[in-house]
> 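Got a structure here, written out as structure tokens. Questions coming.
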Amino acid sequence: SSGINAEWPLRPGFFCLLDMVTKHPPEVYSGIVENAVLCGAPVTSQSLVWRKLCGAVSGKLINGYSSNDWVLSFLYKTTRVTTAVAGIRAVDVSDRKLLNVDLSSVISGHFDYFDKMGEVLKIFGMGS
């Protein structure tokens with residue numbers, strides 16, 4: 001199955017995928033998740049973590065981000081003392097499964113994701 005998460009509701013999905021690949025052998029979760037799409041992800045962009053996440057999908061792991069998301073940037077700078085957040089930048093991992101998509105031309109701010117999800121899905125080739 002494919003999963004699409006945007007903004008804060010995606011955190012549980014992100015951590016479920018991460019939990020799956022760190023606590024279970026591949027034969028347990030292989031083929032369960034075909035594609036995972038994370039848009040405006042309020043999660044780390046650390047390469048090591050995303051390399052593990054790529055192992056959780058059989059198809060594509062899409063990081064949809066917008067450098068215009070000043071709310072997400074501000075929240076992470078003030079609470080985590082970092083700007084290494086997947087929702088505002090590309091994730092630096094060389095894996096054929098990972099696709100970074102800059103949505104800055106569509107997403108002008110943090111609250112645009114839900115209103116513009118149809119347009120975002122078309123960019124990903126998933127919308128009609």
> Taking all non-hydrogen atoms of both residues into account, name the closest pair between F15 and V43 and its distance.
CE1-CG1, 4.4 Å
> Apply side chain to side chain contact (heavy atoms under 4.5 Å, CB included) to the pair N35 and I62, showing each step before the final yes or no.
CA-CA 8 Å; N35 300 303; I62 301 174; over 6 Å; no
> How many angstroms lie between OG in S105 and CD in E119, if you round to the nearest 0.5 Å?
8.0 Å
> Measure across V57 and E34 and return the closest heavy-atom pair with its distance rounded to 0.1 Å.
CB-O, 3.6 Å
> How long is the span from the CD atom in Q46 to the CZ atom in R51, to the nearest 0.5 Å?
10.5 Å
> Between CZ of R89 and CG of N63, what distance do you get to the nearest 0.5 Å?
10.5 Å
> Measuring only between side-chain heavy atoms, which start at C-beta, is L38 closer than 4.5 Å to L61?
yes
> Counting C-beta onward and ignoring hydrogens, is there a side-chain heavy-atom pair between V33 and M20 closer than 4.5 Å?
yes
> Does any non-hydrogen side-chain atom of F124 lie less than 4.5 Å from one of L99?
no
> Rounded to the nearest 0.5 Å, how far apart are OG1 of T44 and CG of L18?
10.0 Å
> Please answer whether the main-chain N or O of V91 pairs with a side-chain N or O of S45 as donor and acceptor at a distance below 3.5 Å.
no
> Backbone N or O of M117 within a donor-acceptor pair of the K122 side chain at under 3.5 Å?
no
> At their closest point, which heavy atom of I88 faces which heavy atom of D69, and how far apart are they?
CG2-O, 3.7 Å
> Could you tell me whether the side chain of Y65 reaches within less than 4.5 Å of the side chain of V101, counting heavy atoms only?
no
> Hey, is CG on D19 packed in by over 12 heavy atoms from elsewhere, all under 6.0 Å?
yes
> Do the side chain of S58 and the main chain of G31 share a donor and acceptor less than 3.5 angstrom apart?
no
> Could you report the tightest heavy-atom contact between L72 and G40, atom names first, then the distance?
CD2-O, 3.8 Å
> Write down the atom of H24, the atom of Y29, and the distance for their closest heavy-atom approach.
O-CE2, 3.2 Å
> Find the distance between CH2 (W50) and CG (D92) and round it off to the nearest 0.5 Å.
12.5 Å
> Would you check if the side chain of N68 reaches a backbone N or O of V106 as a donor-acceptor pair within less than 3.5 Å?
no
> Between D95 and C54, which heavy-atom pair has the shortest distance, and what is it?
OD2-CB, 3.6 Å
